[in-house]
Structures are given as structure tokens and as C-alpha cells.
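Reading through the C-alpha cells given below for one structure.
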Amino acid sequence: MARIRFDGGTAGVLIAVAGLLATAGAAIALALPDTGYSRALSLAPTHEARADALVRTPGLGESGRLEARSETLAGLHQAPANATAWLRLSYLDARSPAGLGREGNLAFARSYAVAPFGPDDTMWRLDFAFDHWAALDRSNRLLVLDELRRIPARQARALQAGVTDPTGQLALALSLDAADPTAIPGRRAPRL
């Protein structure tokens with residue numbers, strides 16, 4: 001049997017090629033979340049990608065909601081400082097037959113704990129909050145109103161078009177009115 005000898009240069013090339021192949025495998029797993037490659041890797045981004053794909057599925061049923069919840073929790077177990085994942089968990093709770101409850105409120109609050117004014121999540125979080133205003137607990141409502149005061153008035157007014165919950169519409173209108181009396185269309189500032 002012949003012995004194979006590697007000099008320093010050959011060993012370096014082999015290590016580089018092995019590293020490149022491992023990186024390519026991880027990239028494929030992350031890019032294709034529903035393949036066997038991604039199932040083999042239990043990484044937070046793969047769980048996030050699978051959960052996101054499930055949530056975006058048209059006609060998401062109860063089994064899909066539960067699977068997305070499971071994937072989101074698996075991702076949060078590895079990366080608990082992910083505000084988007086906490087918001088997804090709150091969204092999935094709101095999609096449950098019982099609607100937004102204690103678990104969804106806790107997840108919503110946790111999104112503020114990890115990213116109080118995260119630019120990536122702010123507008124979605126505010127829109128979701130005002131659309132579920134009646135189901136939010138008092139502490140979450142206060143967090144939402146505080147965040148609303150920190151965004152530009154133009155963005156705050158843009159929220160009005162998407163809110164469908166009547167209690168959320170009222171809360172948003174009153175908040176905008178308190179911040180700027182001219183924010184409500186057709187409303188004039190009082191004369192002093």
C-alpha cells in the first residue's frame with residue numbers, strides 16, 4: 001500500500017477546498033429552506049426561512065400555522081434577540097382560532113425588549129398593533145404609542161390607510177390628533 005504524502009502547499013489547498021465545499025453546502029441549505037440540506041442544518045436562519053415561507057403560503061391552515069410556530073420557536077431558541085421572529089410568533093398567535101392572546105402579547109412585548117425602535121420592524125409592528133388594538137394588553141399599547149411618537153409624522157399618517165380594526169383606527173386617530181391636530185384629513189388646527 002502506497003503512502004500519500006502531503007507537503008505544506010497541498011495540505012493548504014485541501015483545507016481550502018474543504019472549507020469552500022462546507023460554505024457552499026451551508027449557502028445552499030439557507031437558500032433552499034425546503035431541501036434535505038436545510039433539514040440537516042439546524043441553524044436559526046434556516047428555521048427563520050422555513051417559518052417565513054410557511055407564513056407566506058396562501059391559505060395558511062392550522063397545521064401550517066403550527067409548523068410555522070414550531071420553526072419560529074426553534075429559531076428563537078438559537079437566536080432570541082430576533083425581533084422579527086417574536087413578531088411572527090405574535091402574528092401566528094393572532095391567526096389562531098382564539099385570536100391574539102396571552103402568548104401573542106408576550107411575544108409582542110418581547111419584540112420591543114430586543115428591538116425597541118428597530119427600523120426593520122417598526123412600521124409592520126405598528127400596523128399589526130393598531131389592527132389588533134382591542135386584543136393588546138395595556139403595557140403593549142403604551143409601547144406602541146411610545147414608538148408611534150418616534151416615527152416621522154408622514155409615516156404615522158400613512159398607517160391610517162391600512163388599519164381596519166375600529167378600535168385601532170380610533171386609537172391611531174386620537175394619537176395623531178394629540179401629536180398634530182392637522183394630521184387627521186379635513187381637520188384644522190384650533191384657533192387660539
Side-chain angles (χ1 to χ4, degrees), residues 48 51-73 75-76 79-192:
E48 283 296 302
D52 191 50
L54 285 164
V55 168
R56 293 177 189 276
T57 302
L60 177 70
E62 185 64 9
S63 64
R65 185 187 73 79
L66 292 174
E67 187 178 351
R69 180 182 178 278
S70 175
E71 290 290 349
T72 301
L73 287 171
L76 283 169
N82 184 339
T84 303
W86 288 111
L87 288 170
R88 184 183 311 106
L89 206 55
S90 186
Y91 168 79
L92 291 167
D93 187 55
R95 295 278 312 260
S96 72
L100 185 65
R102 183 175 181 274
E103 182 180 305
N105 269 286
L106 289 172
F108 189 82
R110 185 65 57 92
S111 79
Y112 276 109
V114 299
F117 305 106
D120 296 335
D121 296 312
T122 293
M123 294 309 291
W124 188 93
R125 179 167 43 201
L126 289 172
D127 188 53
F128 176 82
F130 285 110
D131 259 342
H132 296 87
W133 192 256
L136 284 180
D137 60 31
R138 186 183 191 307
S139 62
N140 279 335
R141 289 178 184 178
L142 292 174
L143 290 169
V144 168
L145 294 176
D146 188 38
E147 186 173 31
L148 181 67
R149 283 191 291 273
R150 297 178 191 279
I151 64 170
R154 175 184 48 80
Q155 286 180 309
R157 284 190 300 273
L159 283 170
Q160 287 181 304
V163 177
T164 58
D165 177 45
T167 58
Q169 289 173 341
L170 179 62
L172 180 57
L174 291 174
S175 298
L176 293 175
D177 189 39
D180 178 9
T182 61
I184 298 175
R187 180 95 186 257
R188 295 188 190 133
R191 293 180 187 226
L192 301 175

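The structure displayed is predicted, hence computed values, not measured ones.
- Shown here is R65, whose CZ atom has more than 12 heavy atoms of other residues, nucleotides or ligands within 6.0 Å.
- Contact detail for S175 and L145: the closest heavy-atom pair is OG-CD2, 3.1 Å.
- Applying the side-chain contact (heavy atoms from CB on, under 4.5 Å) criterion to N82, with sequence neighbours excluded, gives E48, L76, T84, A85.
- Taking CG from L92 and CG from L73, the interatomic distance works out to 9.0 Å, rounded to the nearest 0.5 Å.
- A donor-acceptor pair under 3.5 Å is formed between the side chain of R141 and the backbone N or O of W133.
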Inset, instruction - Give the C-alpha distance, both sets of side-chain angles, the deciding distance and a yes or no for side-chain contact (heavy atoms from CB on, under 4.5 Å) between L172 and L148. - result: CA-CA 9 Å; L172 180 57; L148 181 67; 3.8 Å; yes
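- Contact annotation: the side chain of I151 approaches that of M123 to within less than 4.5 Å [non-hydrogen atoms, C-beta and beyond].
- Smallest separation of non-hydrogen atoms from V163 and G168: CG1-C, 3.8 Å.
- Once rounded to the nearest 0.5 Å, the distance linking CH2 of W124 with CZ of R88 reads 9.5 Å.
- Side-chain contact between F130 and Q160: absent, with no pair of heavy atoms (C-beta onward) separated by less than 4.5 Å.
- Residues satisfying the side-chain hydrogen bond (donor to acceptor under 3.5 Å, both in side chains) test with D165, not counting sequence neighbours, are T167.
- Using modelled atom types, no side-chain atom of S70 and backbone atom of L66 make a donor-acceptor pair closer than 3.5 Å.
- Ion pairing between E147 and R150 fails under the 4.0 Å rule for side-chain N and carboxylate O.
- Within the model, atoms CG of L54 and CD of E67 stand 4.5 Å from one another, a figure rounded to the nearest 0.5 Å.
- Atom-to-atom distance recorded for E71:CD and D52:CG is 11.5 Å, nearest 0.5 angstrom.
- Shortest non-hydrogen contact noted between A156 and L176 is CB-CD2, 3.5 Å.
- Looking only at distances, a side-chain donor or acceptor of R125 sits under 3.5 Å from a matching main-chain atom of S111.
- Of all heavy-atom pairs between A51 and T72, the closest is CB-OG1, 3.3 Å.
- Annotation: the span from H132 atom NE2 to Y91 atom OH amounts to 8.5 Å, rounded to 0.5 Å.
- For the pair F108/V144, a side-chain contact is recorded, criterion being any heavy-atom separation below 4.5 Å from C-beta on.
- Here the side chains of L100 and S90 are in contact, with some heavy-atom distance below 4.5 Å.
- The main-chain N or O of P80 is found under 3.5 Å from a side-chain atom of W86 such that the two form a donor-acceptor pair.
- In terms of heavy atoms, A68 sits closest to V55 at CB-CG2, 4.0 Å.
- The closest donor-acceptor contact from the side chain of N105 to the backbone of A135 lies under 3.5 Å.
- Between D146 and F117 the shortest side-chain heavy-atom distance falls below 4.5 Å.
- One distance of note links CG of D121 with CG of L126; it measures 10.5 Å at 0.5 Å rounding.
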